[in-house]
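Everything quoted here is computed from the prediction, not taken from an experiment. Along the sequence shown, residues are numbered consecutively beginning with 1.
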Amino acid sequence: MKALVYHGPFQVAVEEVPEPKLEAETDAIVQVELAAICGSDLHIYHGKMVV
């Protein structure tokens, strides 16, 4: 499956990643159908906060 992967400030890429799998009884896999971003979400992209 494809996912947007963050590698560091100004470095994001669409990459092939493994399908998620349940590892514990309390795990859940959720399918996201719609998402949006806020201007503050760009702080991590610009390197203004540590992850």
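Nearest heavy atoms, Gly47 versus Pro9: CA-CG, 3.6 Å. Shortest non-hydrogen contact noted between Ala3 and Val17 is CB-CG2, 3.7 Å. Considering every non-hydrogen atom in both Asp41 and Cys38, the closest pair reads OD2-N, 2.7 Å. Scanning both residues, Val5 and Glu15, for their nearest heavy atoms gives CG2-OE1, 3.8 Å.
The distance from atom CE of Met1 to atom CD of Glu16, rounded to the nearest 0.5 Å, is 8.5 Å. Here the straight-line distance linking atom OH of Tyr6 with atom CD of Gln11 works out to 8.0 Å at 0.5 Å rounding.
By the criterion of side-chain heavy atoms lying less than 4.5 angstrom apart, applied directly or through intervening Ile, Leu, Val, Met, Phe, Trp or Tyr residues, Ile44 is grouped together with Phe10 in one hydrophobic cluster. A single hydrophobic cluster is seen to contain both Tyr45 and Leu4, as judged by linkage of ILVMFWY side chains at heavy-atom distances under 4.5 Å, directly or through other members.
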